[in-house]
Novice: 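Take a look at the following structure, please.
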There are 2 protein chains.
Amino acid sequence: MRKHRGKPANSDLAELVHGSMAGELGFHLRRGQIAAFRQFARTITTTEGVTPGLYGMLQVIANNPGLSQSALAVAMDVDRSSIVKVVNQLEEKGLIVRDTSPTDRRRYCLHMTPPGVQALARIEQAVMRQDQDFSARLSDAERGTLIGLLKRLYRQDSETPANVRE
Amino acid sequence: MRKHRGKPANSDLAELVHGSMAGELGFHLRRGQIAAFRQFARTITTTEGVTPGLYGMLQVIANNPGLSQSALAVAMDVDRSSIVKVVNQLEEKGLIVRDTSPTDRRRYCLHMTPPGVQALARIEQAVMRQDQDFSARLSDAERGTLIGLLKRLYRQDSETPANVRE
DNA sequence: TATTGTTATACTCTATAACTATA
DNA sequence: TATAGTTATAGAGTATAACAATA
């Protein structure tokens, strides 16, 4: 998580021109996402020690109990080797457990622990509050519009037919 | 830049539930941005060898000729020590030059080279085309609405009074 | 004293490849 | 043969701290 630095002391940096990027959707998307990460870091990560990625992982485990590490890796869109350390951390924190699968001894079934469920419930409240604060400048209707437009954007990426490999 | 892997072979991963994240703006913002990065990687990075960050840096240099490395660092929101390697790369590629400042011998003035200008013009065309493709599912009006809503979101982050340090 | 660019160093996140134990 | 989890290793990308030259 990058630390958020304040405004620069150099006032001659204030009026930088961004050229054609000002018209690019990707540019504004990136900036919006960076702003969202920052606010998450200021509020949730500082108080709960959980990054957006870790929070997402907890939500996926909580909402899909018993899923394997490989399944979690796909859900998080990272390699399964990259999942190991993170799952270790969540386990060491006592938030989740690796149950051995009764049917396949290669595989772990990931579950929340009772303290994990409790922690997630608390974090979830904070995240939802923070998310509302973040979009405080938008009306409820505008917020809904924005989410709807974003979904239509990124779904084009995930609606590739499953039998087609790139 | 992360490589984009195709759909998983495991079909049991298709229906993962995301719980309360489905209602969080930050979640959809992140997914939208990841999708945008991916398309950029598929198109621009593959053909031009330029990441979104490098492209942004070239645009800032091109549109603010003579700026210092420190100014560029502020514009990119990274530490000035992190800028050195990237500026080296752009210089080695012959896209920019470090001119010594006539008034301050500590400082470099960054400028595009003629080949750099040419390369950026070509990349910019590709980026704008790619950006249009990315939002092909939106009408022009919807695209404008989306950009407008995003601006209102992230500007709350940058409209902090300059004299207030966090 | 403060600032600019630089270097050394470390940390995080991620990927690739190879290994093991299962299937 | 293929899959699940793991390890070793490497590469981005970034930060912090300290330094020399200059202001």
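To find a chain, count down the sequence lines: A is the first, B the second, and so on, and within it residues start at 1.
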Novice: Taking only residues two or more places apart in sequence or in another chain, which ones pass side chain to side chain contact (heavy atoms under 4.5 Å, CB included) with A/Ser139?
Specialist: A/Ala141, A/Glu142
Novice: Would you please name every residue forming a ring-ring contact (aromatic ring centres under 6.0 Å, His included) with A/Phe27, sequence neighbours left out?
Specialist: A/His18
Novice: Quickly work out the A/Met76 CE to C/dT12 C1' distance and round it to whole Å.
Specialist: 18 Å
Novice: What residues form a side-chain hydrogen bond (donor to acceptor under 3.5 Å, both in side chains) with A/Gln59, not counting sequence neighbours?
Specialist: A/Tyr55, A/Asn63, A/Glu124, B/Ser20
Novice: Tell me every residue that passes side-chain hydrogen bond (donor to acceptor under 3.5 Å, both in side chains) with A/Ser81, counting only those two or more places apart in sequence or in another chain.
Specialist: A/Asp79
Novice: Using side-chain hydrogen bond (donor to acceptor under 3.5 Å, both in side chains) as the criterion, list what pairs up with B/Glu91, not counting sequence neighbours.
Specialist: B/Arg98
Novice: Salt bridge (Lys or Arg N to Asp or Glu O under 4.0 Å) with A/Arg106: which residues, sequence neighbours excluded?
Specialist: A/Asp104
Novice: Are any protein N/O atoms closer than 3.5 Å to N/O atoms in nucleotides 9-11 of chain D? If there are, list each pair with its distance.
Specialist:
none

Novice: Between P on C/dC13 and CZ on B/Phe37, what's the gap in Å once rounded to a whole number?
Specialist: 17 Å
Novice: Output all residues satisfying salt bridge (Lys or Arg N to Asp or Glu O under 4.0 Å) with B/Arg143, sequence neighbours left out; order by chain, then residue number.
Specialist: B/Asp131
Novice: Mind listing the closest non-hydrogen atom pair of A/Leu58 and A/Leu120 along with its distance?
Specialist: O-CD2, 3.8 Å
Novice: Under the salt bridge (Lys or Arg N to Asp or Glu O under 4.0 Å) test, which residues partner A/Arg122, sequence neighbours left out?
Specialist: A/Glu48
Novice: Find which nucleotide of DNA chain D each of B/Lys85 and B/Thr103 is nearest to by heavy atoms, and output the residue with the more 5' nucleotide.
Specialist: B/Lys85
Novice: Quick one, give me the B/S/- string for nucleotides 5-10 of chain C, reading 5' to 3', where B means a protein heavy atom under 4.0 Å from the base and S means that only happens at the primed atoms, P, OP1 or OP2.
Specialist: BBB---
Novice: Nearest whole angstrom, please: distance from the C1' of C/dT3 to the CD1 of B/Ile83.
Specialist: 16 Å
Novice: Quick check: on DNA chain C, is the nucleotide nearest A/Val86 upstream (toward 5') of the one nearest A/Arg105, or the reverse? Name the residue that is more 5'.
Specialist: A/Val86
Novice: Under the side-chain hydrogen bond (donor to acceptor under 3.5 Å, both in side chains) test, which residues partner A/Asp99, sequence neighbours left out?
Specialist: none
Novice: Work out how much the helix from C/dT1-D/dA23 to C/dA23-D/dT1 bends between its end axes, five pairs an end, to the nearest 10 degrees.
Specialist: 10°
